[in-house]
Undergrad: 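Here it is, the structure in full.
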2 protein chains.
Amino acid sequence: MKYNEFEHCGLNVSLQMLSGKWKPIILYHLFHNQQIRFTELWRIIPKVAKKVLLDHLRQMENDGLIIRNERSGFPPEVCYRLSEKGKALGPILSSLEAWANEHAAREVEALRKANSARRKSE
Amino acid sequence: MKYNEFEHCGLNVSLQMLSGKWKPIILYHLFHNQQIRFTELWRIIPKVAKKVLLDHLRQMENDGLIIRNERSGFPPEVCYRLSEKGKALGPILSSLEAWANEHAAREVEALRKANSARRKSE
DNA sequence: CCGTATCCTAATGGATACTG
DNA sequence: CAGTATCCATTAGGATACGG
């Protein structure tokens, strides 16, 4: 092999950080809001279990994609927002979005409809 | 919410197509070779189970990312190569690679060393 | 409000033997 | 050589109840 081996490791790492059933929608909302409170995020993501949402947020925090901000007192108030590292992913995620819309329009439409129907039935 | 909902669906679809433990390395080799025979791919990916590699390739074929080419006769000869749709992912995957190298250098290095060590011990 | 603790199910990845 | 068939281990995702 004349090309450099192990060039795929970075790809592995980044895809790993993005893998998780609810990460795309979490990222989407974080890119459209400066910050979001936990319960608000839980409310706008339909049907995700609280534990799972927390798992995802913890992973993303550990990976340095997002920042968790806790205001002490009662009731507690926790906000999540993108880190610089997370923001740097913006253009790439847009490219992936565009690629899917161009090359997998059928699947994207199907998913859109499924989500839309689910939202209405609540 | 003033922004358009469900804009994350395309991202969901594309990440879904890229999710799988061995897809990054498969894609990497397909981007560096016009076509690869099944056994060759199985040989250069260390320790993956044949069934799992086949599962991944089937998924990628069903998703339209790769094309399977079978030459009849005995012994059989099956080659895999990127489709146009798959090739269109190239620049995006490079961006993800670059992002990881810039923002997650530690993790990338760790993985590189782990793979390198595993390769030597065979 | 935010998070934990349990317990459960489904999906993914894998080892091994076998077949045309 | 390429692919199937079993069977198994691990992980991800989820429902529900409880706690500071």
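This structure is a prediction, so every number in the text was calculated from the model and none was measured. Residue numbers start from 1 in every chain, and the chains themselves are labelled A, B, ... in the order their sequence lines are given, proteins ahead of strands.
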Undergrad: Kindly point out which of D:dG3, C:dG14, D:dG13 is positioned nearest to the side chain of B:V52?
TA: C:dG14
Undergrad: Go through it in stages, so that I can follow the logic: the residues are A:R43 and A:E40, the test is salt bridge (Lys or Arg N to Asp or Glu O under 4.0 Å), and I'd like the CA-CA distance, side-chain angles, deciding distance and then a yes or no.
TA: CA-CA 5 Å; A:R43 198 187 59 75; A:E40 173 68 2; 3.4 Å; yes
Undergrad: Counting side-chain heavy atoms from CB outward, which of C:dG20, D:dA2, D:dA15 is closest to A:A49?
TA: D:dA15
Undergrad: Just how far, in rounded Å, is P of C:dT12 from CG of B:L53?
TA: 16 Å
Undergrad: Inspect the surroundings of CD in B:E7 and state if more than 12 heavy atoms from other residues, nucleotides or ligands are less than 6.0 Å away.
TA: yes
Undergrad: Have a look at A:R68 and say if it touches a base, only the backbone sugar-phosphate, or nothing, with a 4.0 Å heavy-atom cut-off.
TA: sugar-phosphate
Undergrad: Is a donor-acceptor pair below 3.5 Å formed from side chain B:K50 to base D:dG3, judging by atom type as modelled?
TA: yes
Undergrad: Verify the contact: side-chain N or O of B:K21 to OP1 or OP2 of C:dG14, cut-off strictly under 4.0 Å; return yes or no.
TA: yes
Undergrad: For a quick test of reading the model: is some side-chain N or O of B:R37 closer than 4.0 Å to OP1 or OP2 of D:dC1?
TA: no
Undergrad: Can you tell me if the side-chain N/O atoms of A:W22 get under 4.0 Å from OP1 or OP2 in D:dA12?
TA: no
Undergrad: If the plane angle is over 60° it's perpendicular, under 30° parallel, otherwise tilted; pick one for B:W42 and B:F38.
TA: parallel
Undergrad: Of all the choices, C:dG3, C:dG13, D:dA2, which nucleotide is nearest to the side chain of B:K51 once you look at every atom?
TA: C:dG13
Undergrad: Starting at atom NZ of A:K47, determine the distance to atom C1' of D:dT16, rounded to an integer number of angstrom.
TA: 16 Å
Undergrad: OP1 or OP2 of D:dA12 sitting under 4.0 Å from any side-chain N/O of A:R58?
TA: no
Undergrad: Rounded to whole angstrom units, what separation is found between the CG atom of A:L54 and the P atom of C:dA5?
TA: 12 Å
Undergrad: B:W42 CH2 to D:dG3 C1': how many Å, rounded?
TA: 11 Å
Undergrad: On DNA chain D, does the nearest nucleotide to A:Q16 precede the nearest nucleotide to B:E77 from the 5' side, or the other way round? Give the residue.
TA: B:E77
Undergrad: Taking atom P of D:dG13 as reference, at what distance in whole Å does atom CD1 of A:I45 sit?
TA: 13 Å
Undergrad: Can you check whether B:P76's main-chain N or O pairs, donor with acceptor, with B:R71's side chain at less than 3.5 Å?
TA: no
Undergrad: Begin from the C-alpha positions of B:M60 and B:L27 and carry the test side-chain contact (heavy atoms from CB on, under 4.5 Å) through to its verdict.
TA: CA-CA 10 Å; B:M60 295 168 82; B:L27 286 166; 3.5 Å; yes
Undergrad: Of A:P76 and B:H56, whose nearest nucleotide on DNA chain C comes first from the 5' end?
TA: A:P76
Undergrad: Let me know the distance between CZ of B:R71 and P of D:dG3, rounded to the nearest Å.
TA: 13 Å
Undergrad: Is there a side-chain polar atom (N or O) of B:R43 under 4.0 Å from OP1 or OP2 of D:dC1?
TA: no
Undergrad: Grab the CZ-C1' distance between B:F38 and D:dC1 for me, whole Å please.
TA: 9 Å
Undergrad: Once you round it to whole Å, what is the distance between P of C:dG3 and CG of A:N69?
TA: 12 Å
